[in-house]
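Atoms within a ligand are numbered from 1 in the order they appear, just like the ligands themselves. Fair warning: this is a prediction, and the values are worked out from it, not measured in the lab. Computed over heavy atoms, backbone and side chain alike; hydrogens, waters and symmetry mates excluded.
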Amino acid sequence: MVAMTVVVDLDGVVWRGDRPIPGSAEALDRLRAAGRSIVFLTNNSAPTRAANVAKLESFGVKASPDEVRSAAQAAALLVEPGERALLCAGEGVREALQDRGATVVAEGEADVVVVGWHVEFDFDRLTVAMRAVLGGARLVGTNEDATYPVPDGVLPGGGALLAAVSYASGARPVVAGKPHEPIVRLLKEQTDDVELVIGDRPTTDGLLARRLGVPYALVRTGIVAPGEPVEGKAPDLDEVDLSAVVDRLIGS
Ligand SMILES: [Mg+2]
């Protein structure tokens, strides 16, 4: 029998910045003990797979590299092997592009510019990315999250950087991450028996669930605060945190 798979977002669900969200590691253990497979699916394209696994393990969550998928790998699906890809993103995107067989360049002409969240983004990087797009490169964004949750609030998200490159170049990007088609394709390479999507952002995690035709569980440990109204379709489960979602799914 194939195990049912639960798709679990990372930022705002398992951790917030460099702090684990209390109860999450134990909840994931219970999920596995109940026979569920887990795919960690994040729109944060900056960390490498190994970095995500190491962070999970540092918070007491066992995970294999195969279980962790990000918008970096989804973006790489939009790049052909052998193409020159200008990196305007973090190391996770470099890794995914190299795994794909693309040639990663830092400046100059390119076939495609890939924009993702990275704290080194600055005016020079914006200029390089803009010029490559003006020179004919396609514009790909790993994700379009406006913000990124950290312990003391939010930071600008990957979508904010993508918007700058898009606006400066006049090009409309193709976006790879949740809830868009490339990451759906990436997920389907791994599993076709998703039972539930758990995430803190209705516009990405919730829409992904709808696209997959499965229920969506909102957790209020990230972008949406406890008590805050949710715009659009109401989530199927609306719980304070991951532990409470797991209680509802398999019993406490
Ligand atoms: Mg999140």
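Around atom CZ of R220, more than 12 heavy atoms belonging to other residues, nucleotides or ligands sit under 6.0 Å away.
Under the rule for a ring pair (Phe, Tyr, Trp, His ring centres under 6.0 Å), the partners of F121 that lie at least two apart in sequence or sit in another chain are H118. Contacts of H180 classified as ring pair (Phe, Tyr, Trp, His ring centres under 6.0 Å), with partners at least two apart in sequence or in another chain: none.
The residue from N43, T42, D9 that alone fulfils the side chain to side chain donor-acceptor pair (under 3.5 Å) condition with K178 is D9.
Around the Mg ion (ligand 1), protein N, O or S atoms at a distance under 2.8 Å total 3; waters are neither shown nor counted.
In this structure the side chain of L139 reaches within 4.5 angstrom of the side chain of S166, judged on heavy atoms.
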Result block: side-chain N/O donor-acceptor pairs under 3.5 angstrom for residues 53-60, not counting sequence neighbours:
| from | atom 1 | to | atom 2 | distance (Å) |
| --- | --- | --- | --- | --- |
| K55 | NZ | G17 | O | 2.8 |
| S58 | OG | K55 | O | 2.7 |

